[in-house]
Amino acid sequence: MSSPVLAQAVKSKTQCKPTDAKLTYECTVMLMLDGKPVTGADIMVKADMPAMPMAHNVKPVPAKAMHHADGQYSFQIELEMFGEWKFTYDLAKPFRDRLGEKIMFSSGDPNEMKKEKMGTHRHN
């Protein structure tokens, strides 16, 4: 009798820093699978406010691989207001997947942003 193979979830860790433009952030996301960096990913980033579905969302932006760090991708995103935002990462390569994080943005110290991981949905 064989044991079932459970797919490991891709994990993300996002950090955002404010830019000089109000509500615009330079963000970096680290993607890991089985403890190893996910390289060669094709990622689109969406953002919306869970507390106000369909009321506040921003245009999706691509995340670009950072050449000096495997598994790290950068993107710039302009939010509509402070508050809790859900970032959704749609991966098209090297496999299809969707994952995300909730991040609290405030006018205070950006290092105080709280993060909550969300489920991952694999689409092979």
Side-chain angles (χ1 to χ4, degrees):
M1 182 191 248
S2 62
S3 300
V5 176
L6 300 176
Q8 295 292 317
V10 175
K11 296 184 188 317
S12 66
K13 181 177 179 183
T14 304
Q15 296 180 337
C16 295
K17 295 180 181 178
T19 65
D20 290 337
K22 186 176 181 179
L23 294 171
T24 301
Y25 294 86
E26 194 65 46
C27 300
T28 302
V29 61
M30 170 67 120
L31 299 180
M32 302 288 286
L33 177 63
D34 296 329
K36 297 177 184 151
V38 175
T39 58
D42 182 359
I43 308 167
M44 286 300 291
V45 182
K46 300 176 192 170
D48 62 62
M49 292 193 87
M52 296 182 236
M54 299 181 65
H56 294 284
N57 53 53
V58 297
K59 180 180 175 185
V61 296
K64 303 290 184 192
M66 297 177 71
H67 298 290
H68 64 281
D70 285 348
Q72 289 190 17
Y73 301 84
S74 66
F75 60 96
Q76 188 174 76
I77 197 155
E78 183 179 350
L79 303 177
E80 296 175 344
M81 61 187 296
F82 294 116
E84 183 181 56
W85 285 84
K86 178 180 75 173
F87 283 7
T88 301
Y89 301 106
D90 285 319
L91 282 70
K93 289 188 332 188
F95 44 79
R96 291 179 51 86
D97 204 353
R98 173 176 279 176
L99 60 146
E101 295 181 50
K102 288 182 182 176
I103 303 174
M104 179 63 75
F105 291 88
S106 68
S107 58
D109 183 356
N111 295 321
E112 297 299 318
M113 291 187 289
K114 295 187 291 183
K115 299 177 188 177
E116 176 185 328
K117 298 289 181 194
M118 298 184 48
T120 182
H121 308 283
R122 172 121 341 161
H123 304 283
N124 290 332

| request: Spell out, yes or no, whether Val45 and Met66 are grouped together once hydrophobic residues are joined by side-chain heavy atoms under 4.5 Å, including indirect joins. | output: no
| said: Between Ile43 and Leu31, is there a side-chain heavy-atom distance shorter than 4.5 Å? | reply: yes
| said: As an exercise, state the distance from NZ of Lys59 to CD of Glu78, rounded to the nearest 0.5 Å. | reply: 11.5 Å
| Inter-residue atom distance Lys93.NZ - Thr39.OG1, 0.5 Å rounding | 11.0 Å
| query | Which pair of heavy atoms, one from Leu79 and one from Val58, lies closest together, and at what distance? | reply | CA-CG1, 4.1 Å
| query | Is the side chain of Tyr73 donor-acceptor paired with the backbone N or O of Ala41 at a distance under 3.5 Å, no angle test? | reply | yes
| message | As a quick check of understanding, evaluate side-chain contact (heavy atoms from CB on, under 4.5 Å) for Met81 and Met52, giving each step before the final call. | response | CA-CA 12 Å; Met81 61 187 296; Met52 296 182 236; 4.1 Å; yes
| task | Measure across Met32 and Val38 and return the closest heavy-atom pair with its distance rounded to 0.1 Å. | result | C-CG2, 4.0 Å
| message | Please check this pair: side chain of Thr88 against backbone of Lys46, looking for a donor-acceptor N/O pair closer than 3.5 Å. | response | no
| Closest heavy-atom contact between Glu26 and Gln76? | OE1-NE2, 3.1 Å
| note | When every non-hydrogen atom of Trp85 is compared with those of Glu80, the smallest separation belongs to CZ2-N, 3.6 Å
| task | Show your working on side-chain contact (heavy atoms from CB on, under 4.5 Å) between Phe105 and Leu23 and close with a plain yes or no. | result | CA-CA 9 Å; Phe105 291 88; Leu23 294 171; over 6 Å; no
| Closest contact, heavy atoms only, Gly83 versus Met49 | CA-CE, 4.0 Å
| task | Could you state whether Leu99 and Met44 fall into the same hydrophobic cluster, counting links through intermediate Ile, Leu, Val, Met, Phe, Trp or Tyr residues with side-chain heavy atoms under 4.5 angstrom apart? | result | no
| message | Parallel, tilted or perpendicular, judged at 30° and 60°: which one describes the rings of Phe87 and Phe75? | response | perpendicular
| Are Val61 and Ile103 in one and the same hydrophobic cluster, where Ile, Leu, Val, Met, Phe, Trp and Tyr link if side-chain heavy atoms are under 4.5 Å apart? | yes
| task | Would you mind reporting whether Phe95 and Leu33 have side-chain heavy atoms less than 4.5 Å apart? | result | yes
